[in-house]
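Shown next, in structure tokens, is the structure this report addresses.
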Amino acid sequence: MQKLIEEFRKGWQGEAPPSPALGIAFAVACLLVATLARWGLAHVRPDVYFTPYFPAVFFAAAFGGLRIGIITALVGGILGVVVNFSDVFADRSRFTLLTLYWCVSALTIWGVEHYRTMLTEQRRISKRLIEEEDYRKLLVDELQHRLKNKLSTVHAVLHQVLHDEPQVWARIDPRLRSLATTDDLISQIDKAGCDIRDLLIAELGPYGHVRFTLNGDRLFLPPKLAVTLSLMFHELATNAGKYGAFSSPRGLLQVSWTVSGDRLTITWDETEGPSIGKVSAPGFGTKLLKSALSAFDGKTEVSYLATGLHCIMQCRIPPSG
């Protein structure tokens with residue numbers, strides 16, 4: 001019984017065609033219900049011959065497919081002509097109504113079959129997309145694993161080579177750790193999102209917690225926005241380590257954020273870094289900063305002040321989930 005119910009459910013939802021026996025049984029049940037409805041209507045309008053069979057054709061075609069729908073329409077037409085619930089017998093007008101009934105039934109069956117075909121194709125595409133997404137996740141996980149191993153190897157080799165040059169190693173080590181932390185963080189927040197403070201601490205921590213201050217309330221970032229901001233923070237932190245506040249012993253960074261409605265504003269303010277000379281042509285990092293927030297109805301403004309780099313990021317916070 002459970003197997004029969006499951007087969008009926010799959011057939012009704014279009015997941016799998018029912019067996020011929022089940023399809024015919026369902027069509028017979030629809031015809032019986034339609035005939036009973038016609039018998040009830042005959043007490044009010046004895047000239048209603050075919051109208052009750054339209055729903056039977058529709059449901060039979062929706063459940064059993066093209067052939068079951070055609071059989072139901074043919075049998076319903078025959079019942080409308082042969083079976084009488086009054087003293088009125090079949091005449092020319094009834095056969096005219098029979099022709100109209102079969103024409104409308106044909107259109108109904110065509111419409112239902114067209115819908116079933118579209119539904120099947122949609123299910124096939126959805127299944128393929130799910131399989132492609134699973135494969136993509138598998139590849140990304142494998143690439144992240146290999147990248148992590150390569151970074152660990154590079155970190156170990158450089159540490160061995162620069163063992164006698166602690167000053168050089170002290171400048172390289174934070175950058176490698178920051179890069180590794182960002183890769184791990186992206187793989188985590190891509191699934192669940194994270195708090196903006198945790199994101200900044202993970203990104204800036206390798207440069208020393210005394211080198212930066214964070215001002216703002218706790219704010220949960222949805223996954224897509226969290227990944228985008230992590231890439232932007234990494235780019236800004238890398239530039240700060242190369243040319244900005246983190247490249248100077250006295251350099252400091254202050255990051256603050258405010259929320260108004262669904263709008264987020266983040267201010268990245270570097271001070272006490274080396275003086276900024278001529279600004280080079282925009283590279284990939286600058287282009288990333290300028291365009292990354294466009295998907296969130298946002299923008300980024302970068303200013304090179306005498307005190308250091310000043311960046312304002314504004315965007316819309318998408319709903320979680």
Side-chain angles (χ1 to χ4, degrees), residues 1-137 319-321:
M1 186 64 182
Q2 185 66 28
K3 183 178 179 180
L4 183 64
I5 294 175
E6 182 65 16
E7 183 182 357
F8 181 84
R9 183 191 66 81
K10 290 183 177 180
W12 184 252
Q13 293 182 354
E15 296 181 8
S19 62
L22 182 60
I24 292 175
F26 184 79
V28 170
C30 290
L31 289 170
L32 287 175
V33 172
T35 303
L36 287 175
R38 182 186 164 202
W39 173 79
L41 289 173
H43 294 82
V44 181
R45 289 289 302 269
D47 57 345
V48 177
Y49 308 115
F50 305 104
T51 303
Y53 295 108
F54 284 122
V57 173
F58 174 82
F59 286 111
F63 179 76
L66 178 64
R67 294 182 179 180
I68 298 299
I70 293 174
I71 293 173
T72 305
L74 293 175
V75 175
I78 294 173
L79 291 175
V81 174
V82 175
V83 178
N84 294 295
F85 294 108
S86 65
D87 296 336
V88 180
F89 294 96
D91 54 9
R92 181 178 300 177
S93 61
R94 189 181 300 195
F95 285 102
T96 302
L97 292 175
L98 174 62
T99 303
L100 292 174
Y101 160 76
W102 275 337
C103 290
V104 175
S105 295
L107 290 174
T108 301
I109 294 170
W110 175 84
V112 171
E113 188 64 19
H114 181 67
Y115 173 78
R116 283 167 58 89
T117 302
M118 292 177 57
L119 182 62
T120 301
E121 181 65 14
Q122 184 180 15
R123 289 183 183 276
R124 186 189 67 80
I125 294 175
S126 298
K127 182 180 179 181
R128 182 177 177 181
L129 288 175
I130 292 173
E131 292 174 350
E132 291 289 340
E133 179 66 16
D134 292 339
Y135 182 66
R136 183 193 68 83
K137 289 181 179 179
S320 300

Rounded to the nearest 0.5 angstrom, the CD1-OG1 distance for Ile24 and Thr72 is 9.5 Å
| said: With a 3.5 Å distance limit and no angle check, can you tell me whether Tyr53 reaches the backbone of Val75 through a side-chain donor-acceptor pair? | reply: no
OG1 of Thr108 to CZ of Phe54, rounded to nearest 0.5 Å, is 7.0 Å
Interatomic distance, CG@Leu31 vs CG@Leu36, rounded to 0.5 Å, equals 11.0 Å
Hey, are Arg128 and Glu131 close enough for a salt bridge, meaning a charged N less than 4.0 Å from a carboxylate O? no
Quiz item: Within a strict 4.5 Å, meaning less than it, do heavy atoms of the Thr51 and Tyr101 side chains meet?
Solution: no
Exercise. State, with a plain yes or no, whether a side-chain heavy atom of Val83 is found less than 4.5 Å away from one of Trp39.
Key: no
Output for pair (Ile130 CD1, Glu132 CD), nearest 0.5 Å, gives 11.5 Å
**Message:** Angle between ring planes, His114 versus Trp110, binned at 30° and 60°: parallel, tilted or perpendicular?
**Reply:** parallel
Applied to residues 18-29, the salt bridge (charged side-chain N to carboxylate O under 4.0 Å, His left out) test, sequence neighbours excluded, yields none
Between Leu98 and Gly77 the two heavy atoms that sit nearest each other are CD1-CA, 3.5 Å
All heavy atoms of Ile68 vs all of Gly64, minimum pair found to be CG1-O, 3.7 Å
Output for pair (Asp134 CG, Leu129 CG), nearest 0.5 Å, gives 11.0 Å
Between Trp102 and Leu74, the two heavy atoms sitting closest are NE1-CA, 3.8 Å
Any heavy-atom pair between the side chains of Phe50 and Val81 that's under 4.5 Å?
yes
Heavy-atom nearest pair, Ile109 first then Ile70, reads CD1-N, 3.7 Å
All heavy atoms of Pro52 vs all of Ala34, minimum pair found to be O-CB, 3.2 Å
Inset, instruction - Starting from the C-alpha separation in whole Å, work towards a yes-or-no answer on side chain to side chain contact (heavy atoms under 4.5 Å, CB included) for Asn84 and Arg94. - result: CA-CA 12 Å; Asn84 294 295; Arg94 189 181 300 195; 2.7 Å; yes
The salt bridge (Lys or Arg N to Asp or Glu O under 4.0 Å) partners of Arg67 (sequence neighbours excluded) come to none
